[in-house]
Amino acid sequence: MSEGESNEVALVTGGSRGIGLAIAEALADAGAVVAVIGRNEAAAVAAAEGLPGTGHAGWACDVADSEAVNRTVKEVEKTLGPISILVNNAGVTRDNILLRLKDEDWDAVMEVNLRGAFNMTRAVTRGMMKRRDGVILNITSVVGLTGNAGQSNYAASKAGLIGLTKSVARELASRGVRCNAIAPGYIETDMTGALDEQQTEALMSRIPLGRLGAPEDIAGVARFLAGPSARYITGQVITVDGGMVI
Ligand code: NDP
């Protein structure tokens, strides 16, 4: 992506709010035309309409549903043009201690966080390989590196996403496609919800830079990784967490 003057098409899953919306804004600001994907169509369409620049559009699609993903990617490409940037950002949590985790809690998190990224990646890469041009960004998590008590399903899905990132990077490098991951720390969004004073203090004591993260902290790194300044970077996991994991 040539910063400021790109006409590339970027697809951002979970782009209707939180980190995904900030990434969609940053890519649109850099000149990309953005396809915003979420399960809620009205929210995806509204988010797309609010992005800087013109031509953006929103679609309803559950990333866990491979047929819906294939169909949506085709529609996006027919409407906006070939996708050259994919951001696998959609993610969910179903937290519980191991002994209380139900099969459906395990499956739901794996289906969206890991299979969803696989579904999307598989759907866009044929075109990227043919054009020898593409960037894939996976939004993992620091807990995919460290693990987290009470999040074994989520942490496993995010660790799996790191394995997917490194494998795709190795497999597609010779075809002109780069694949990297961003591992956010604690970012204030709907997913993390409101913390009470005590929880905030406990968390802050673990963050050397002394504040919670904002979606824009992730978006800036995504814009860099999607752009030409990162052309020699692939297969990496960039931790963006205020120093939580050093
Ligand atoms: P939010 O819960 O604020 O937003 C999630 C987004 O994903 C929404 O746009 C939602 O839209 C979409 N989404 C959820 N499930 C699906 C699905 N099955 N198919 C398509 N879209 C879906 O999350 P955050 O912005 O906080 O998180 C974004 C990513 O960053 C996630 O992968 C998360 O795991 C990761 N992350 C977040 C951290 C944080 O502290 N917030 C820390 C580390 C990683 P809709 O509901 O309409 O489907």
Side-chain angles (χ1 to χ4, degrees), residues 11-26 34-48 50-51 58-73 76 86-95 107-120 123 137-148 151 153-162 164-165 181-195 199-200 203-204 206-207 211-219 221-222 237-242 244-245:
L11 185 154
V12 182
T13 70
S16 49
R17 54 192 153 91
I19 293 171
L21 176 58
I23 292 174
E25 283 168 346
V34 181
V36 174
I37 304 295
R39 287 163 307 179
N40 181 321
E41 184 169 17
V45 169
L51 297 177
W59 276 268
C61 173
D62 180 349
V63 296
D65 177 344
S66 62
E67 278 179 22
V69 164
N70 292 338
R71 209 170 42 238
T72 305
V73 164
V76 170
L86 166 66
V87 184
N88 286 311
N89 163 82
V92 293
T93 52
R94 293 258 192 120
D95 298 350
D107 291 344
V109 168
M110 286 295 167
E111 292 277 303
V112 177
N113 299 6
L114 189 50
R115 184 192 283 269
F118 161 68
N119 285 341
M120 272 290 168
L137 298 181
N138 294 324
I139 309 303
T140 174
S141 166
V142 287
V143 308
L145 298 165
T146 63
N148 197 21
Q151 284 198 308
N153 53 350
Y154 181 74
S157 74
K158 294 299 188 180
L161 196 50
I162 292 172
L164 178 70
T165 303
I182 300 175
Y186 188 96
I187 310 297
E188 287 184 288
T189 67
D190 290 352
M191 179 178 273
T192 43
L195 297 174
Q199 288 170 314
T200 308
L203 193 60
M204 295 274 263
R206 294 171 44 217
I207 304 176
R211 67 169 174 87
L212 306 181
E216 292 70 29
D217 295 322
I218 307 303
V221 179
V237 183
I238 314 286
T239 300
V240 184
D241 67 346
M244 226 168 142
V245 178

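Every number for a ligand or one of its atoms is a count from 1 in the order of the listing.
The nearest non-hydrogen atom to atom 12 (C) of ligand 1, considering only G20, G91, A117, G14, comes from G14. Residue N40 holds the heavy atom nearest to atom 47 (O) of ligand 1 of all those in N40, I182, V112, N119. Between I19, I23, I187, it is I19 that holds the heavy atom closest to atom 37 (C) of ligand 1.
Side-chain atoms of I139 and P184, non-hydrogen and from C-beta on, do get closer than 4.5 Å to each other. Counting only heavy atoms from C-beta outward, the side chains of V112 and V92 approach each other to under 4.5 Å. Proximity of L195 to L203: side-chain heavy atoms (C-beta onward) are separated by under 4.5 Å at one or more points.
A heavy-atom separation below 4.0 Å is found between G185 and ligand 1. Using a 4.0 angstrom heavy-atom cutoff, C61 counts as in contact with ligand 1. Not a single heavy atom of E111 sits under 4.0 Å from any atom of ligand 1. The closest approach between any non-hydrogen atom of N88 and ligand 1 is not below 4.0 Å. Note on ligand 1: T13 sits outside its first shell, no heavy atom being nearer than 4.0 Å.
Heavy atoms of K158 found under 4.0 angstrom from ligand 1 belong exclusively to the side chain. Contact annotation for T93 and ligand 1: no heavy atom of the residue comes within less than 4.0 Å of the ligand.
If you check which protein heavy atom lies closest to atom 36 (N) of ligand 1, you get Y154 OH, 3.5 Å. Of all protein heavy atoms, the one lying nearest to atom 13 (N) of ligand 1 is A90 CB, 3.9 Å. Counting only heavy atoms of the protein, atom 44 (C) of ligand 1 lies nearest to T140 O, 3.1 Å. Of the protein's non-hydrogen atoms, the one nearest atom 19 (N) of ligand 1 is V63 N, 3.0 Å. When hydrogens are left out, the protein atom nearest atom 14 (C) of ligand 1 is R39 NH2, 3.4 Å; that is the closest non-hydrogen contact. The protein atom (non-hydrogen) at minimum distance from atom 11 (O) of ligand 1 is S16 OG, 3.5 Å. Of all protein heavy atoms, the one closest to atom 43 (C) of ligand 1 is P184 O, 3.4 Å.
For Q199, the CD atom sits in a packed shell: over 12 heavy atoms of surrounding residues, nucleotides or ligands are nearer than 6.0 Å.
Looking at I37 next to ligand 1, no N or O pair under 3.5 Å apart turns up. Looking at N89 next to ligand 1, an N or O pair under 3.5 Å apart turns up. Considering both main-chain and side-chain atoms, R17 comes within under 3.5 Å of ligand 1 through a nitrogen or oxygen pair. Ligand 1 has an N or O atom lying under 3.5 Å from an N or O atom of T189, backbone or side chain.
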Check the pair T13, N88 against side-chain hydrogen bond (donor to acceptor under 3.5 Å, both in side chains), reporting the backbone distance first and the verdict last. CA-CA 6 Å; T13 70; N88 286 311; 4.6 Å; no

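No donor-acceptor pair closer than 3.5 Å links the side chain of T93 to the backbone N or O of D95. With hydrogens and angles disregarded, no donor-acceptor distance shorter than 3.5 Å links the side chain of N138 to the backbone of T140. Between the N148 side chain and the V143 main chain, no donor and acceptor come within less than 3.5 Å of each other. The main-chain N or O of D62 is never found under 3.5 Å from a side-chain atom of D65 such that the two would form a donor-acceptor pair.
In summary, the atoms of ligand 1 found under 4.0 Å from a heavy atom of T192, numbered by their order in the structure, are 39 (C), 40 (O), 41 (N). Remark: ligand 1 atoms within the under-4.0 Å shell around heavy atoms of Y186 are 40 (O). Within ligand 1, the atoms closer than 4.0 Å to a non-hydrogen atom of D190 are 3 (O), numbered from 1 in the order shown. Remark: ligand 1 atoms within the under-4.0 Å shell around heavy atoms of G18 are 25 (O). If you number the atoms of ligand 1 from 1 as listed, the ones under 4.0 Å from a heavy atom of D62 come out as 17 (C), 18 (N), 19 (N).
One finds no salt bridge joining D107 and R94 here, because no Lys/Arg side-chain nitrogen approaches an Asp/Glu carboxylate oxygen to under 4.0 Å.
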